[in-house]
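So the structure is just underneath, and the comments pick up after that.
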Amino acid sequence: QVQPVESGGGSVQAGGSLRLSCTASGYPYSRVYMGWFRQAPGKAREGVAAFGPGGTYYADSVKGRFTISQDNAKNTVYLQMRNLKSEDTAMYYCARGGSWIASPLAPSQYSNWGQGTQVTVSS
């Protein structure tokens, strides 16, 4: 499957946790950038977390709360989200970039996007 497929979204109370999954067969995750992005209604899409040959990256708004990880055997990338806040409410997307990108958290650097999974955090 070329297009990434996200799952794991849902509704959770503030302070709770969710784990998002992204599966895309055929991608050598160790040699490309994979990222998680989110977009709330009326707002621009923003990078949340990414990893690739250059390292691992997190948006300041999620550092210490979110963790990106992978299971190469399952061709799956995860986003573990803890201590969720209402401002985390958004559609979350998984995307694949290339092997050499300068800004791993910039949506413009990614070209292969999933359809998204909704995360709603209630207070």
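All of these numbers come straight from a predicted model, not from anything done at the bench.
- Applying the disulfide (SG to SG under 2.5 Å) test to residues at least two apart or on different chains, none of the pairs has a partner in residues 43-82.
- Evaluation of the disulfide (SG to SG under 2.5 Å) test over residues 46-123, restricted to residues two or more places apart or in two chains, returns Cys22-Cys94.
- Scanning all heavy atoms of the two residues, the minimum distance from Ser99 to Pro53 falls at O-CG, 3.6 Å.
- Listed by chain and number, the residues in a side-chain contact (heavy atoms from CB on, under 4.5 Å) with Tyr57 are Tyr33, Pro104, Leu105 (sequence neighbours excluded).
- The closest side-chain donor-acceptor pair between Thr89 and Thr120, if any, does not fall under 3.5 angstrom.
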Donor-acceptor contacts under 3.5 Å from residues 41-52 side chains, at least two apart:
residue, atom, partner, partner atom, Å
Arg45, NE, Gln39, OE1, 3.3
Arg45, NH2, Gln39, OE1, 3.3
Glu46, OE2, Arg38, NE, 2.8
Glu46, OE2, Arg38, NH2, 3.4

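- One finds the CZ atom of Arg96 at 13.5 Å from the CD atom of Gln3 (value rounded to the nearest 0.5 Å).
- Although no hydrogens or angles enter the test, the distance criterion places no donor-acceptor pair under 3.5 Å between the side chain of Glu6 and the main chain of Leu20.
- With sequence neighbours left out, the side-chain hydrogen bond (donor to acceptor under 3.5 Å, both in side chains) criterion links Arg65 to Asp88.
- With sequence neighbours left out, Ser103 forms a side-chain contact (heavy atoms from CB on, under 4.5 Å) with Ala106, Gln109.
- Residue pairs meeting the salt bridge (charged side-chain N to carboxylate O under 4.0 Å, His left out) criterion with at least one member in residues 113-122, sequence neighbours excluded, do not occur.
- Sequence neighbours left out, not one pair with a member in residues 76-87 passes salt bridge (charged side-chain N to carboxylate O under 4.0 Å, His left out).
- From Leu79, atom CG reaches atom CZ of Arg19 across 10.5 Å, with rounding to the nearest 0.5 Å.
- The distance from the OG atom of Ser21 to the CD atom of Gln70 is 13.0 Å, given to the nearest 0.5 Å.
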Worksheet item: Step by step, would you call Ile68 with Val77 a side-chain contact (heavy atoms from CB on, under 4.5 Å)?
Response: CA-CA 7 Å; Ile68 189 169; Val77 178; 3.9 Å; yes

For residues 11-18, tabulate all N or O donor-acceptor pairs below 3.5 Å that involve a side-chain atom, not counting sequence neighbours.
none

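- Here ring pair (Phe, Tyr, Trp, His ring centres under 6.0 Å) pairs that include residues 78-108, with residues two or more places apart or in two chains, number zero.
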Practice prompt. For Thr23 and Thr76, run side-chain hydrogen bond (donor to acceptor under 3.5 Å, both in side chains): C-alpha distance rounded to whole Å, both residues' side-chain angles, the deciding distance at 0.1 Å, then the answer.
Written response: CA-CA 4 Å; Thr23 301; Thr76 301; 3.1 Å; yes

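- Residues passing the ring-ring contact (aromatic ring centres under 6.0 Å, His included) test with Tyr110, sequence neighbours excluded: Phe37.
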